[in-house]
Amino acid sequence: MEEGASSTGPSAVELLSLANEFNELGGYYFALYLTILSGYLVVAYVAGSRLTRGQLRLVNAMFVLSSLYFLWSTMTMWLAGLSTYVQAAPDGWVFSLYLTAALNIFLILAMLAGVFAGVQFMNQIRHEKAQ
């Protein structure tokens, strides 16, 4: 490149590096989601039957809201990473991009199912131990 010539945009290496950072952040948010889910399941198992209605509502609200926040954050980062890969990826990576998109969608749906399964587990624990 000649001296004084301006760059028209980021290089493919820079875009791929940015995409990797998005994916790392998505993984970080996914790990936080798993932590929230695990903590909720422990609370459900250990103290679920002894919680008052107010405590149950508070625990459920905190779990659902924080889980959905981390689900949204994970999805946003992974989709940002995927769209950045699309801008920089060589043409031979098309299959890999579709496979990555399908995997991301599957993991997001699994995370959403985890929220419903956690609340269902809490309900089962409360009804089993209440009898």
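Just so you know, residue 1 is the first one in the sequence shown, and it goes up from there.
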Report task. Please test L41 against F121 for side chain to side chain contact (heavy atoms under 4.5 Å, CB included), starting from the C-alpha separation and ending with a verdict. Result -> CA-CA 8 Å; L41 293 176; F121 179 73; 3.6 Å; yes
Is there a continuous path of hydrophobic side-chain contacts, each under 4.5 Å between heavy atoms, that joins [X] to [Y]?
X    : Y    : value
M122 : Y45  : yes
L25  : L15  : no
F116 : F70  : yes
Y29  : L112 : yes
M62  : L32  : no

Requested in this report: Using the six-membered ring wherever Trp is involved, compare the ring planes of F30 and W78 and label them parallel, tilted or perpendicular (cut-offs 30° and 60°).
Outcome: tilted
Query raised in the report: Looking at A101 and L82, what are the two nearest heavy atoms and their distance?
Result: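 Nearest heavy atoms, A101 then L82: CB-CD2, 3.5 Å.
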Requested in this report: Can you see which heavy atom on G81 is nearest to which on A19, and at what distance?
Outcome: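 Of all heavy-atom pairs spanning G81 and A19, the closest is O-CB, 3.5 Å.
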Are the side chains of [X] and [Y] in touch, meaning some heavy atoms are under 4.5 Å apart?
X    : Y    : answer
R126 : L51  : yes
L68  : W72  : no
I36  : F63  : yes
L103 : L99  : no
L79  : F22  : no
T84  : L16  : no
Y33  : V115 : yes

Query - From OG1 (T76) to CD1 (I108), nearest 0.5 Å - result: 8.5 Å
Query raised in the report: Given the rule in the side chain to side chain contact (heavy atoms under 4.5 Å, CB included) test, do N20 and Y85 qualify, once you have shown the distances and angles that lead to the verdict?
Result: CA-CA 9 Å; N20 284 335; Y85 273 128; 2.3 Å; yes
**Report entry** Pair M75-N104, side chain to side chain contact (heavy atoms under 4.5 Å, CB included): steps then yes or no
**Finding:** CA-CA 8 Å; M75 180 183 69; N104 287 349; over 6 Å; no
Query raised in the report: Do side-chain atoms of S38 reach the backbone of L34 as a donor and acceptor pair under 3.5 angstrom?
Result: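 Yes; at least one donor-acceptor contact below 3.5 Å.
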Query raised in the report: Quick one: side chain to side chain donor-acceptor pair (under 3.5 Å) pairs with a partner in residues 55-68, sequence neighbours left out?
Result: Y40-N60, T52-Q55
